There are 2 protein chains.
Amino acid sequence: MQNLIHHIQITINPGIYLKNPESSDLGKRMISEGIHMIASSGFDNFTFRKLGERIGSNESSVYRYFENKHKFLIYLTSWYWGWLEYRLVLETNSITDAREKLDRALTVITQPVETDDAFGHIDEVALNRIMVNEYSKPFLTAEVDEENKAGYFEIYKRLIARVSEMISNVLPDYPYSNSLVSTILEGSLHQYFLAAHFPSLTNCNDPQDLTKFFKQVVFSSLDTYGKEK
Amino acid sequence: MQNLIHHIQITINPGIYLKNPESSDLGKRMISEGIHMIASSGFDNFTFRKLGERIGSNESSVYRYFENKHKFLIYLTSWYWGWLEYRLVLETNSITDAREKLDRALTVITQPVETDDAFGHIDEVALNRIMVNEYSKPFLTAEVDEENKAGYFEIYKRLIARVSEMISNVLPDYPYSNSLVSTILEGSLHQYFLAAHFPSLTNCNDPQDLTKFFKQVVFSSLDTYGKEK
DNA sequence: CTATATATGATAGTATTACTATTATTTTAG
DNA sequence: CTAAAATAATAGTAATACTATCATATATAG
């Protein structure tokens, strides 16, 4: 990606961390190494003890940045959605045609992730693997309502609202824009998961097909809405 | 539902359990009470110790039926998908028109669950709540490939294949039938979850709308495939 | 240059969990 | 009535997800 823009930060709700990991070298290493550990062995096998060792530090130091590993995951997923939002804006901002704008947005959402130089210590490809393998774990918990109230999912909600608005700009009367976007965001990760583990349950073993599939779904739905027999 | 058909059993892969819970009264109580416990407090707070107490028995007895609580959940979700498949067949079997058949299938998939008298000890409404709140936990694990190889997800795969075939009967050339079905099965549970916890991310706060939404998505996609500008 | 605050590191301890193992008791079947 | 099978009770283990405490290193303010 562009090496024009550096020193940008994705802003994360401070309630998610105890001490901002972006504020120190140690904190950045927690994020950086944490991503690699979770991407390769899965979130369930990830512990702060192992992370402490890995960064040449200590369990207790990690606990000074994050209350628990669940919040660590919420931090990572929030960062991911924030980054996706940033790329979405960057890539669609200059487009005036509503249809073309939505088309480009769907490309950004569904195409495979590439490394972004603007965020040195974060391996976006590995982070995307985490999203594919753990996508629902941040919110499928008994505490989801409290955490939602505390604003931990704001970025995700903003992202959906943004794409939803693009849909409304194509077809103001379409009544399912939020459902369509939430279905596609989750569905896209899910199709990647299926391609990796259950190839017989998807026709999108090539990312090109995934993008085509979701675009066909979205535009056919918009183009025929209100015109059914 | 019909009280015509009794004494039917959903067949579950024996690798999922150590001893078939359907084979004894104690086993049935494990399923029955386990469903209520997980539905009300969530899977993460569920333990075999608590289940043992609840059924007036013992942790060690539960372990004689299920290797661990993860397999217990796989059992429940397999049962659910098996039951959905059974209802799907029951409700679509007599329909000859391909389009109408698919339409009915989508109703069955997306409409709220009601209690089914044919399976006395299972509370399908509570089980559906589990599906909505924990839907991805059976497969978002590090062991998914082994478990898939062992056949633990056969019922789910068969269900998708079945609906996928209905799509092919409507439009043989449509190349995304598996992806469309897997997106809708997962997406339907997800929309129910959003309606309960993130109402701003869905337009389907009423189940009627959910069914309409997914039908519109499916049929518009099929009706315009190959006819885009 | 020292006193102080702050960040980090090391160690120990706790409650819970997810089991395994063993033995005792009850139920069932022949 | 006896043997086998099923269930119950109890104990124990390793790992986990923390909390608490204290020691040390480092940065900074006066």
Side-chain angles (χ1 to χ4, degrees), chain A residues 14-34 37-38 41-76 121 134 137-138 140-143 146-147 152, chain B residues 14-34 37-38 41-76 121 134 137-138 140-143 146-147 152:
Chain A
I16 296 171
Y17 50 75
L18 295 171
K19 175 174 174 159
N20 191 345
E22 289 293 325
S23 71
S24 75
D25 184 63
L26 186 70
K28 282 180 198 159
R29 263 155 51 220
M30 285 174 196
I31 299 304
S32 164
E33 294 301 316
M37 290 171 72
I38 298 172
S41 326
F43 182 66
D44 297 341
N45 294 314
F46 171 77
T47 70
F48 279 1
R49 183 173 292 249
K50 290 179 195 165
L51 176 58
E53 273 167 32
R54 169 93 159 233
I55 61 176
S57 175
N58 197 277
E59 188 183 19
S60 58
S61 299
V62 183
Y63 272 105
R64 249 177 249 113
Y65 284 77
F66 293 97
E67 223 177 306
N68 53 54
K69 74 173 194 162
H70 179 240
K71 286 204 173 178
F72 190 84
L73 184 62
I74 292 184
Y75 182 93
L76 296 185
H121 61 296
E134 330 275 357
K137 289 178 188 170
L140 290 195
T141 71
E143 298 78 30
E146 291 166 48
E147 294 182 344
Y152 297 174
Chain B
I16 296 170
Y17 50 77
L18 294 171
K19 175 174 174 158
N20 191 345
E22 289 291 328
S23 71
S24 75
D25 185 64
L26 186 68
K28 281 180 200 159
R29 261 153 55 218
M30 286 176 195
I31 299 305
S32 165
E33 295 301 315
M37 291 172 73
I38 298 172
S41 326
F43 182 67
D44 297 342
N45 294 314
F46 171 78
T47 69
F48 279 1
R49 182 173 295 249
K50 290 179 196 165
L51 176 58
E53 273 167 32
R54 169 93 160 232
I55 62 176
S57 175
N58 196 274
E59 189 182 19
S60 58
S61 300
V62 184
Y63 272 106
R64 241 175 271 111
Y65 285 77
F66 293 97
E67 223 177 306
N68 53 55
K69 72 173 193 162
H70 178 240
K71 287 205 174 175
F72 190 83
L73 184 62
I74 292 184
Y75 182 93
L76 296 185
H121 62 297
E134 330 276 355
K137 287 177 188 171
L140 290 194
T141 71
E143 298 77 29
E146 290 166 49
E147 294 181 345
Y152 297 174

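When reading the values below, keep in mind they use all heavy atoms of this one structure, side chains included, and skip hydrogens, waters and symmetry mates. Small disclaimer: the values here were computed from a predicted structure and weren't measured. Residue numbers begin at 1 in each chain, while the letters A, B, ... track the order of the sequences.
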Would you say the side-chain atoms of [X] pair up with the backbone N or O of [Y], donor to acceptor, closer than 3.5 Å?
{"X": "A:Lys137", "Y": "A:Phe43", "answer": "no"}
{"X": "A:Tyr152", "Y": "A:Ile16", "answer": "no"}
{"X": "A:Lys50", "Y": "A:Asn45", "answer": "yes"}

Could you label the plane-to-plane angle of the A:Phe48 and A:Tyr63 rings as parallel, tilted or perpendicular, counting under 30° as parallel and over 60° as perpendicular?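 The arrangement is perpendicular - the two ring planes meet at more than 60°.
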Using a 4.0 Å heavy-atom cut-off, write out nucleotides 10-30 of chain C from 5' to 3' as B (base contacted by protein), S (sugar-phosphate only) or - (no contact). BB------SBB----------
Relative orientation of the end axes in the helix from C:dC1-D:dG30 to C:dG30-D:dC1, expressed as an angle to the nearest 10° (five pairs per end): 10°
Please classify the nucleic acid contact of A:Phe66 as base, sugar-phosphate, or nothing, using heavy-atom distances under 4.0 Å.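 Nothing, no nucleic acid heavy atom in range.
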Considering just the side-chain nitrogens and oxygens of A:Tyr65, establish if one lies under 4.0 Å of OP1 or OP2 belonging to C:dA7. no
Considering the options A:Lys69, A:Arg64, A:Lys71, which one meets the side-chain hydrogen bond (donor to acceptor under 3.5 Å, both in side chains) requirement together with A:Glu67? A:Lys71
Non-hydrogen atoms of A:Ile55 and A:Arg29 that approach each other most closely: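 So the minimum-distance heavy-atom pair works out to O-NH2, 2.7 Å.
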Scan residues 16-31 of chain A against DNA chain D and write down, sorted by residue number, each residue with any heavy atom closer than 4.0 Å; if none is found, say none.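 Within residues 16-31 of chain A, no residue comes under 4.0 Å of DNA chain D.
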Spacing of CG belonging to A:Asp44 relative to OG1 belonging to B:Thr141, to within rounding of 0.5 Å: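 The CG atom of A:Asp44 sits 7.5 Å away from the OG1 atom of B:Thr141.
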Report the distance from atom CD of A:Glu143 to atom NE2 of A:His70, rounding to the nearest 0.5 Å. 7.0 Å
Minimum side-chain heavy-atom gap B:Ile31-B:Phe66 below 4.5 Å: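 With C-beta onward as the side chain, the pair touches.
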Are the side chains of A:Phe72 and A:Ile38 in touch, meaning some heavy atoms are under 4.5 Å apart?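 Result yes, sub-4.5 Å side-chain heavy-atom pair found.
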Rounding to a whole Å, what distance do you find between B:Glu53:CD and D:dT10:P? 12 Å
